[in-house]
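All remarks here apply to the structure that follows.
Given the structure is predicted, the values throughout are model-derived calculations rather than measurements. Proteins come first, then strands; the chains are lettered A, B, ... in the order of their sequence lines, and each starts at number 1. Excluded from the calculations below are hydrogen atoms, water molecules and symmetry mates; all remaining heavy atoms, backbone and side chain alike, are included.
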Number of protein chains: 2
Amino acid sequence: MNSSVIIRAPLHVQVAERLRLMIDSGELEPGARLNEIDLCNTMGVSRTPLREAIRSLATEGLIELQPNRGASVSIISHEDVSEILPIMAALEGLGGRLAAVHMTAEKIAQVRKVHDQMISHYQNREVAEYFETNRLIHELVTEGSGNQTLVDTINSLSAKVRRARFSAQMTEESWAKAVSEHAEIIAALEAKDPERLEAILIQHVETKRATILGTLEDKN
Amino acid sequence: MNSSVIIRAPLHVQVAERLRLMIDSGELEPGARLNEIDLCNTMGVSRTPLREAIRSLATEGLIELQPNRGASVSIISHEDVSEILPIMAALEGLGGRLAAVHMTAEKIAQVRKVHDQMISHYQNREVAEYFETNRLIHELVTEGSGNQTLVDTINSLSAKVRRARFSAQMTEESWAKAVSEHAEIIAALEAKDPERLEAILIQHVETKRATILGTLEDKN
DNA sequence: CGGCTTTATTTTGCATACAAAATACGATAT
DNA sequence: ATATCGTATTTTGTATGCAAAATAAAGCCG
């Protein structure tokens, strides 16, 4: 018996991942039409698995389907962000509340470590690294809740907001605020204080909302 | 120009709806394997749209996919319910908080009307009608939040929990508690008290959790 | 020259066909 | 009788083909 079986993911799954990546990276911009034949050629697959992948991403909300008119990358509107962020606040708050109770000392130490890295990136004004460590902290906390459905739900919403691409627009002021909130997050986590962590995470998303909607106002 | 164009939904959408219904109604039981050819015959469509529909439901979580082994109706476990209900509590709470602020007097009156119907169904022990009006109230409140993403998110989670089919197991006691909580819900809504409505809805889902997990314990 | 109709081309929607994997079945050997 | 191997059948995965709808283009008339 071979215990290290190589499981090749079905084509439609691979294609879906690839598409997700293309959308997330901006290679496929919001509103861009998805020409099936073109995509088939670039990916080297037939239309069947491609279409299955497109249907998946459509139910995820990353893509919009117009009958007989194909698919296009869905556009994240000002209104969408306004809808999503309060939901994320509630869910991240819940995640934090659960994490404060369930996370092991080792896990918390790990978050602390990433947190310190993030602070250093902040001080050095290393934007990309800052955002990556930031994202990782939130992921670790949410995962620390031990609620996989919660993790999935947040990720799904987060994927949509991420495409608003507000990061570049962050001001020095809002950045500083985010960092100080993160200090409170790690403190509440180490103190294993569910209510406090929940409150801070909700406030943190509110700060994020203000930042994002501020920049979106500029663009529109 | 014809302003009343008949828009026929794509087959894969119709098939997805049909499958959702079959799963929701129990015609397709949890764990049941989905034979593509059989389903194609019963629905009178080819495998292409059927498979597209299956992929959609899989990303929704209603169906599970095993590579080269087809799809089966996903089984909702004790653990899944334990994960989902706290999320629903947070989201329904948020929905209530927003609804208390945003709902018009007319809408609130409508909820009151359905509420009164529900009470009457409760008194007459009309279970099916009770559950339908119950569901409708929660739907109206959530929609009253004015946050469509929230409505969609809750519906998606709700669809999974619904399949646990706890309804028949409801005791007289838990039923009475649910009804009394509903009275508080309508009161908080009419008083336009966001915090109170949020708290009650969260408590209400907690009651639901206790009921469901109680019955699941019995079965397992 | 501009707007409208008609025709050609592209693109999507659905069905079918073929390939590969998994399952079911049966024969053989122990 | 049971286990195992090999074959047949079923089922899924992918590609292709055809029809319908939409878009683009050409021709026509004002």
inquiry  = Nearest to the side chain of P10(B), heavy atoms from C-beta on, is which of dT11(D), dC14(C), dA22(D)?
reply    = dC14(C)
note = Taking dT12(D), dT16(C), dG13(C) as options, the one with an atom nearest any side-chain atom of R55(A) is dG13(C)
message = Can you tell me which nucleotide in dA15(D), dC14(C), dA21(D) comes closest to the side chain of S46(B)?
response = dC14(C)
ask   = Once you round it to whole Å, what is the distance between P of dT12(C) and CD1 of I37(A)?
value = 7 Å
key: Parallel, tilted or perpendicular, as decided by the 30° and 60° cut-offs, for the rings of H115(B) and H182(B)   = parallel
message = Assuming nearest nucleotide by heavy-atom distance, tell me which of R33(A) and E52(A) is located more 5' along DNA chain D.
response = E52(A)
task = For L34(B), report the nucleic acid contact type (base, sugar-phosphate, nothing); a contact means any heavy atom under 4.0 Å.
result = sugar-phosphate
message = Within the 3.5 Å criterion, strictly below it, is a donor on D80(B) or S77(B) matched to an acceptor on the partner's side chain?
response = yes
key: H138(A) and H204(A) aromatic ring geometry - parallel, tilted or perpendicular at 30°/60° bounds   = parallel
ask   = Closest to the N35(A) side chain: dA15(C), dT11(C), dT14(D)?
value = dT11(C)
request  = Kindly point out which of dG17(D), dA15(D), dG13(D) is positioned nearest to the side chain of T48(B)?
outcome  = dA15(D)
query = Where each residue is assigned the nucleotide of DNA chain C containing its nearest heavy atom, which of N68(A) and N68(B) is assigned the position nearer the 5′ end?
reply = N68(A)
Salt bridge E132(B)-R135(B), side-chain N to carboxylate O under 4.0 Å = yes
Separation of dT14(D) P from I54(B) CD1 (nearest whole Å) = 14 Å
request  = Whole angstrom is fine here: how far is it from CD in E36(B) over to P in dT14(D)?
outcome  = 11 Å
ask   = Do E17(A) and R20(A) meet the salt-bridge criterion of a basic N to acidic O distance under 4.0 Å?
value = no
note = Taken to the nearest whole Å, CD/Q66(A) to P/dT12(C) is 11 Å
query = Any donor-acceptor pair under 3.5 Å between the side chain of R69(B) and the base of dG13(D)?
reply = no
key: Whole angstrom value for the distance that separates C1' of dA15(D) from CZ of R51(A)   = 14 Å
note = Judged by nearest nucleotide, the residue sitting upstream toward the 5' end of DNA chain D, G70(B) or P49(A), is G70(B)
request  = Take the protein atom CZ of R47(A) and the nucleotide atom C1' of dA19(D), then report the distance between them rounded to whole Å.
outcome  = 12 Å
task = Grab the CE-P distance between M43(B) and dC14(C) for me, whole Å please.
result = 14 Å
task = Please state how far atom CD in E64(B) lies from atom P in dT12(D), giving the value in whole angstrom units.
result = 16 Å
